[in-house]
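Heads up, the thing below is written out as structure tokens.
In listed order, ligands and their atoms are each counted from 1. The figures here come from the full heavy-atom set of this structure, side chains too, leaving out hydrogens, waters and symmetry mates. In this chain, residues are counted from 1 in sequence order. Please read these numbers as outputs of a predicted model, since none were measured by experiment.
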Amino acid sequence: MATTQQRTIYTGTFIHCTDLSKTEILTNTSIGVDEHGKIAFITPVDTLSGTLKSHSWDPAEIRHFPPAPNSSKNISFFFPGFLDTHIHASQHPNAGIFGKSTLLSWLETYTFPLEYSLSDPRTAEAAYSTCIHTTLAHGTTTAAYYATISVESTDILARLCRELGQRAFVGRCAMDNADFQPSYYCDADADTAIKASRESAESILAADPTGLVKPIITPRFALSCTEESLKGLASIAADLKIPIQTHISENLDEVALVARTFPGYSSYAHLYHNCGLLGPNTVLAHACHLSQEEVSLIHTTGSSISHCPASNTSLGSGLCPVRELLDQGVKVGLGTDVSGGYSPSILVAAREAGAVSRLRTAPGVETGIHSLSGKSLITTIATTTDNESSATTSEKQARDKLKLTVEETLYLATRGGAQCLGLEACVGGFEVGKEWDAQFIDLGAEIDAGYVLGGGSVGNVQVWKGMEWEERLAKWVYQGDERNVKAVWVRGRMVVDKVAVRA
Ligand code: GUN
Ligand code: FE
């Protein structure tokens with residue numbers, strides 16, 4: 001059951017994204033978090049004592065963060081915890097290792113052998129505990145995890161999330177297509193895949209009445225499954241009222257193989273739809289090569305997309321048309337996709353999302369969304385000329401529109417992810433009634449004339465005197481790392497505490 005905690009007042013600067021392109025900065029503010037880990041009030045520091053009285057909070061029983069008035073001159077702020085909408089906890093040991101492979105060879109060479117090794121509970125425990133510690137230290141308060149085919153090791157991942165305090169969706173990988181994956185790492189048949197997935201989901205549900213750690217039905221991707229298992233998995237999700245995650249349209253070889261393996265369907269998304277897998281609680285990772293018809297289907301079913309830019313560049317998979325998805329009202333969040341992606345950090349995913357969106361505007365890059373019937377680009381930004389010199393004004397505007405701003409990538413990292421995972425009423429921003437899933441960020445001291453090398457900066461971030469918040473946030477996104485994350489809370493519980501900042 002939910003444990004109660006000491007009421008806590010957080011004081012300082014709070015930054016969150018109120019809209020796709022809007023960031024709110026609340027300075028000299030206090031947020032009160034109640035005994036259930038929920039935000040009870042947000043108030044200017046000046047009016048705190050009156051607010052405490054009106055809420056009948058006894059000042060003698062309240063904890064403070066920072067514990068004493070913050071005398072540090074460092075630039076610091078509270079930010080909502082990040083949501084990683086797509087990460088393979090089971091691939092954490094391989095992060096950074098992918099050679100020159102692309103998706104299908106990478107699965108065979110690197111991924112299936114590693115995941116199989118986690119059938120050993122001690123290996124699973126080591127991989128999963130390091131994954132959770134690492135992602136929490138990077139500010140990830142919610143993760144949608146893929147585990148492995150093993151029910152036992154999937155249970156270990158869920159238990160470790162509960163113990164270490166990370167909000168999570170944990171999915172046992174279902175994979176029963178013997179033609180696609182090796183016999184040593186494959187469900188015996190559809191019935192086994194369905195039964196083992198139900199057993200895993202029920203076990204995770206029963207173990208956490210607080211709902212912090214939930215199961216998620218996880219058909220690995222179309223090629224890993226048969227139609228029978230895809231349909232059976234969809235009915236478990238409906239029956240247990242739990243979400244679904246899978247991959248879609250990541251790489252062109254994969255898309256072609258899906259079309260050959262499932263010839264009765266007009267597209268990858270239509271296959272999933274016909275098997276009952278699309279809906280408002282379904283998260284689809286990648287979506288680099290969708291047709292317009294598929295985007296429309298994803299939109300009308302309320303399914304969402306996990307954009308995994310670091311994975312897409314590492315495996316050379318493609319360039320997800322994020323702007324077009326957002327313009328069409330599709331929910332989009334960010335995923336690290338470890339270990340297709342090399343980094344466990346959603347801050348890096350935000351950075352790479354910005355970079356990929358700019359790469360889409362490079363001369364010669366054909367990017368956009370195709371129609372299903374032909375190969376005509378419906379949104380066309382194919383350029384052959386140099387960006388700056390010969391483009392017309394409208395071409396330049398069209399290219400600039402594709403670029404995601406720092407604020408937009410931070411929105412996707414927080415509120416966007418919360419929408420994908422059905423948590424928008426609960427986390428992703430600072431509002432009364434939301435749960436306190438937050439990170440405390442320290443950007444170090446401002447650099448000015450007379451600066452002595454090494455003095456005051458934190459990690460790689462160097463903030464110069466006179467920079468506005470907009471520039472400081474850009475510094476954080478493009479230069480920051482886990483050294484800037486000084487504390488992390490999930491549902492009010494402090495789960496990372498690098499105490500040094502508190503002095
Ligand atoms: N498609 C099927 N399995 C995987 C996986 O483990 N990672 C990625 N990125 N794509 C996949
Ligand atoms: Fe993945």
Side-chain angles (χ1 to χ4, degrees), residues 84-99 101-118 127 131 135 143-150 154 157 169-177 179-182 185-187 193 216 218-226 229-230 233 244-258 261 268 271-272 277 282-289 304-320 333-344 346 349 352 356 417 420:
D84 188 340
T85 57
H86 183 85
I87 171 166
H88 300 257
S90 50
Q91 297 170 18
H92 178 73
N94 265 0
I97 302 171
F98 50 89
S101 61
T102 53
L103 176 64
L104 301 180
S105 63
W106 169 80
L107 283 172
E108 197 181 329
T109 312
Y110 297 94
T111 305
F112 293 148
L114 171 65
E115 290 189 20
Y116 175 64
S117 76
L118 268 60
C131 177
T135 52
Y145 281 128
Y146 286 59
T148 69
I149 202 170
S150 156
T154 303
L157 174 57
F169 295 86
V170 174
R172 179 236 173 223
C173 276
M175 33 203 295
D176 65 316
N177 180 2
D179 292 339
F180 179 72
Q181 50 246 333
Y185 193 55
C186 186
D187 283 311
I216 183 164
T218 306
R220 183 175 201 113
F221 72 152
L223 294 176
S224 284
C225 295
T226 57
S229 68
L230 291 175
L233 290 161
I244 295 171
Q245 61 181 354
T246 188
H247 299 84
I248 196 166
S249 207
E250 177 174 359
N251 153 302
L252 285 173
D253 285 345
E254 169 211 10
V255 175
L257 200 49
V258 169
T261 309
Y268 206 152
L271 163 69
Y272 282 160
L277 288 164
T282 298
V283 184
L284 303 163
H286 302 298
C288 295
H289 306 285
S304 60
I305 301 299
S306 173
H307 175 40
C308 305
S311 168
N312 298 156
T313 52
S314 299
L315 297 182
S317 299
L319 305 170
C320 176
L334 294 180
T336 58
D337 192 28
V338 165
S339 65
Y342 57 85
S343 170
I346 282 292
E352 292 265 335
V356 163
C420 293

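Here Phe221 and His286 keep their ring centres 6.0 angstrom or further from each other. Note: Tyr268 and Tyr272 meet the aromatic proximity criterion, with ring centroids under 6.0 Å apart.
When the Fe ion (ligand 2) is compared with the N/O/S atoms of Asp337, atom OD1 turns out nearest.
At a cut-off of 2.8 Å, Glu250 is not counted among the residues with an N, O or S atom near the Fe ion (ligand 2). The Fe ion (ligand 2) has no N, O or S atom of His286 under 2.8 Å away, backbone or side chain. Not one N/O/S atom of Cys308, from backbone or side chain, sits under 2.8 Å from the Fe ion (ligand 2).
Here the CZ atom belonging to Phe169 is positioned 13.0 Å from the OH atom belonging to Tyr146, to the nearest 0.5 angstrom.
Taking both residues in full, the closest heavy atoms of Ser90 and Leu114 are given as O-CD2, 3.4 Å, listed atom of the first, atom of the second, then distance.
Near ligand 1, residues His88, Gln91, Leu103, Trp106, Leu107, Arg220, Phe221, His247, Glu250, His286, Asp337 come within 4.0 angstrom through at least one heavy atom.
The angle that His247 NE2 and His86 NE2 make at the Fe ion (ligand 2), rounded to 10°, works out to 90°.
Salt bridge annotation for Asp187-Arg172: present, with a cationic side-chain nitrogen under 4.0 angstrom from a carboxylate oxygen.
When each of Gln181, Glu115, His247, Gln245 is tested with Arg220 by the rule side-chain hydrogen bond (donor to acceptor under 3.5 Å, both in side chains), just one qualifies, namely Glu115.
At a cut-off of 3.5 Å, with distance as the only test, a side-chain donor of Ser311 or Asp337 sits close to an acceptor on the other residue.
Counting heavy atoms of neighbouring residues, nucleotides and ligands inside a 6.0 Å radius, atom OH of Tyr116 does not exceed 12 of them.
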